[in-house]
Amino acid sequence: YEAKKGGGSVAAYDSARDDASTDQLTLLAELREALAVDDQLVLALQPAVDLATGAPTGVEALVRWAHPRRGLLTPAEFIRPVEHSEQLGAFTRYILDKALAVAAGWARDGLDVPISVNVSARSLLDPRLPAEIGEALRRHQVPPRRLVLEITETVVMSELEVIDEVLGALRAMGVQIAVDDFGTGFSSLTFLTRVPVDELKVDRSFVIRMADSPEAAAIVRTTVGLAHELGLRVVAEGVETAEQRLALAELGCTAAQGYHFFKPMPADKISTVLGSLLDSATANVFPLRADG
Ligand code: C2E
Ligand code: MG
Ligand code: MG
Ligand code: MG
């Protein structure tokens, strides 16, 4: 994309690239500061719900950067450079620690809901990760099964062996693994035969196109069937309408997440929402059929 930005000439290309790398250096220097303080990297939390009962099946932690100069940044504005920097490990630990602190609060409130944390595949190349996560779980007194790691399967085959071992160790501890954006990576199916997982997340792009693309609908149906056959949970991402929710339920999908249910919300709101979701799920007042 740098070539596109720079237009046709070589000179323009070079200066665009220089600007980009200066920006990245600034960003990474600022990230180092953000990781040293407590209030810049914050988690937005989004529940996923059971389509039949309305009960929360989990809550995903989505990072935001309250940047002192640039305002609130979404992951699209900073994750890539972080993933390719030496700060990835520190970033991953920081996010996991914040997420486990939130989950520890729920446990104190008697809310038994797992927290899902997005983890860049590249941070799974670090063989120290399982021990570090084990230590963080003990420190926060969160049972390992309450932690779900969401991995996007853009893993290259040569790295699969290391990742395989790291995920195996985490799973042996009781931590759960989800494949994020399922169906969009290059090696989805091979990934499943190599790495033990607990959950598939149907990518939002298929949910959006489901209604007018038979291909997208077939992919959703097949993913749901595959999950059932392998004994995995399946969660549809990015559900925005009652129609999508109904169509997903008809395809056999059991859980979903998206603006139709909840937008990502600040940590201080989530306990109340979870509490009332659990109450209404028990009372079974969640509307099972969408009627507008
Ligand atoms: P993801 O894990 O697939 O997360 C889903 C994204 O869709 C989130 O965007 C969420 O806010 C958004 N979303 C949820 N429901 C809806 C909906 O109904 N409609 C639409 N249009 N969007 C919806 P967000 O928060 O900007 O995150 C984007 C990506 O950044 C995530 O995709 C994930 O891959 C990555 N990410 C987020 N937090 C972290 C993190 O802490 N660490 C790492 N490594 N990556 C993260
Ligand atoms: Mg995710
Ligand atoms: Mg996703
Ligand atoms: Mg996605």
Side-chain angles (χ1 to χ4, degrees), residues 31 34-35 40-49 57-66 71-85 87-103 114-126 129 133 136 147-155 163 176-185 188 197-211 219-220 223 233-245 247-248 253 255-267 270:
L31 179 72
L35 290 173
Q40 282 194 34
L41 295 170
V42 296
L43 298 181
L45 298 153
Q46 187 183 38
V49 299
T57 58
V59 174
E60 179 171 7
L62 297 155
V63 69
R64 305 284 179 263
W65 186 353
L72 200 65
L73 305 181
T74 61
E77 296 168 274
F78 62 90
I79 283 287
R80 282 287 164 266
V82 174
E83 280 178 341
H84 293 280
S85 78
Q87 291 185 71
L88 177 61
F91 175 77
T92 302
R93 287 191 294 274
Y94 188 98
I95 298 297
L96 277 162
D97 192 68
K98 284 227 151 183
L100 290 176
V102 172
I115 191 153
S116 297
V117 181
N118 293 284
V119 173
S120 303
R122 284 198 67 241
S123 49
L124 302 171
L125 292 170
D126 183 351
L129 193 69
I133 291 180
L147 175 63
V148 182
L149 301 180
E150 294 194 3
I151 322 289
T152 306
E153 12 89 64
T154 48
V155 177
I163 286 176
Q176 304 198 56
I177 311 296
V179 184
D180 208 343
D181 307 334
F182 187 79
T184 63
S188 321
V197 307
D198 301 279
E199 177 180 304
L200 305 182
K201 296 195 82 171
V202 178
D203 192 61
R204 187 164 71 90
S205 59
F206 303 120
V207 174
I208 292 170
R209 278 146 50 206
M210 214 171 35
I219 289 169
V220 175
T223 305
R233 291 192 307 272
V234 59
V235 181
E237 298 187 308
V239 178
E240 293 187 358
T241 68
E243 289 71 28
Q244 289 168 346
R245 163 179 159 194
L248 286 162
C253 187
Q257 190 179 344
Y259 298 168
H260 175 64
F261 304 101
F262 297 99
K263 291 198 166 174
M265 62 187 87
I270 190 85

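Position 1 is the first residue of the sequence, and the numbers go up from there. Everything numeric here is computed off the predicted structure, so don't read it as measured data. Start at 1 and go down the list; that is how both ligands and their atoms are numbered.
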- Query: Rounded to the nearest 0.5 Å, how far does CD1 of Ile151 lie from OG of Ser123?
  - Reply: 7.0 Å
- Message: If you apply the rule side chain to side chain contact (heavy atoms under 4.5 Å, CB included), what do you find for Thr57 with Val49, and how did you get there?
- Response: CA-CA 5 Å; Thr57 58; Val49 299; 5.9 Å; no
- Task: Decide whether Gln257 and Gln46 meet the rule of one side-chain donor and one side-chain acceptor closer than 3.5 Å.
- Result: yes
- Scanning both residues in full, the closest heavy-atom pair of Trp65 with Ala34 reads NE1-CB, 3.8 Å
- With atoms numbered from 1 as shown, which atoms in ligand 1 lie under 4.0 angstrom from a non-hydrogen atom of Gly258? 15 (N), 18 (O)
- Query: Looking at Cys253 and Val234, what are the two nearest heavy atoms and their distance?
  - Reply: SG-O, 4.2 Å
- Message: Pairs of nitrogen or oxygen atoms closer than 3.5 Å, one from Glu60 and one from ligand 1: do any exist?
- Response: yes
- Under 3.5 Å, N or O to N or O, is Arg204 touching ligand 1 that way? yes
- Message: As a test of reading the structure, name the N/O/S atom of Glu60 that is nearest the Mg ion (ligand 2).
- Response: OE2
- Task: Report the distance from atom CG of Asn118 to atom CD1 of Ile95, rounding to the nearest 0.5 Å.
- Result: 9.5 Å
- What do we get for Ile95 next to ligand 1 when only non-hydrogen atoms under 4.0 Å count, side chain, backbone, both or neither? side chain
- Report the part of Val82 (side chain from C-beta onward, or backbone N, CA, C, O) that has a heavy atom under 4.0 Å from ligand 1; answer both or neither where that applies. neither
- Task: Please test Asp198 against Val148 for side chain to side chain contact (heavy atoms under 4.5 Å, CB included), starting from the C-alpha separation and ending with a verdict.
- Result: CA-CA 9 Å; Asp198 301 279; Val148 182; over 6 Å; no
- Task: For Pro264, counting its heavy atoms only, list the atoms of ligand 1 lying under 4.0 Å from any of them.
- Result: 11 (O)
- Query: Against heavy atoms of Gln46, which atoms of ligand 1 measure under 4.0 Å?
  - Reply: 14 (C), 15 (N)
- Item | Between CG on residue Leu147 and CD1 on residue Ile177, distance to nearest 0.5 Å | 8.0 Å
- Item | Of the N, O or S atoms in Glu237, the one nearest the Mg ion (ligand 3) | OE2
- Query: Given that the side chain starts at C-beta and the backbone is N, CA, C, O, which of these parts of His260 lies under 4.0 Å from ligand 1, counting heavy atoms, or is it both or neither?
  - Reply: neither
- Message: With respect to the Mg ion (ligand 2), please indicate if Asp180 possesses an N, O or S atom at a distance under 2.8 Å.
- Response: yes
- Task: Examine Glu150 and say whether one of its N/O/S atoms is closer to the Mg ion (ligand 3) than 2.8 Å.
- Result: no
- Query: Side chain, backbone, both or neither: which part of Arg64 has a heavy atom under 4.0 Å from ligand 1?
  - Reply: side chain
- From CG (Leu43) to CD (Glu60), nearest 0.5 Å: 11.0 Å
- Please say whether Tyr259 places an N or O atom under 3.5 Å from an N or O atom belonging to ligand 1. yes
- Hey, does Phe91 come in under 3.5 Å of ligand 1, counting only N/O atoms on both sides? no
- Atoms of ligand 1 close to Glu237 [distance to a heavy atom under 4.0 angstrom, numbered from 1]: 3 (O)
- Query: Numbering the atoms of ligand 1 from 1, which are under 4.0 Å from a heavy atom of Asp180?
  - Reply: 1 (P), 2 (O), 3 (O)
- Message: To the nearest 0.5 Å, what is the distance between CG on Asp180 and CD on Glu199?
- Response: 9.0 Å
- Item | Worked check of side chain to side chain contact (heavy atoms under 4.5 Å, CB included) between Lys98 and Leu41 | CA-CA 9 Å; Lys98 284 227 151 183; Leu41 295 170; 5.6 Å; no
- Could you pull out the atom name of the N/O/S atom in Asp181 that is nearest the Mg ion (ligand 3)? OD1
- Between the main-chain N or O of Gln244 and the side-chain N or O of Thr241, is there a donor-acceptor pair closer than 3.5 Å? yes
- Confirm or rule out an N/O/S atom of Asp203, from backbone or side chain, lying less than 2.8 Å from the Mg ion (ligand 3). no
- To the nearest 0.5 Å, atom CG of Leu124 lies from atom CG of Leu149 at 7.5 Å
- So is Thr152 close enough to ligand 1, meaning a heavy atom under 4.0 angstrom away? no
- Task: Take Val63 and Phe91, measure what side chain to side chain contact (heavy atoms under 4.5 Å, CB included) needs, and give me the verdict at the end.
- Result: CA-CA 11 Å; Val63 69; Phe91 175 77; 4.2 Å; yes
- Query: Evaluating non-hydrogen atoms only, which member of Ile79, Ile151, Asn118 is closest to atom 33 (C) of ligand 1?
  - Reply: Asn118
- Considering the heavy atoms of Ser120, write down every atom of ligand 1 situated less than 4.0 Å from one of them. 44 (N)
- Is the Mg ion (ligand 2) less than 2.8 Å from an N/O/S atom of Asn118, whether that atom is in the backbone or a side chain? yes
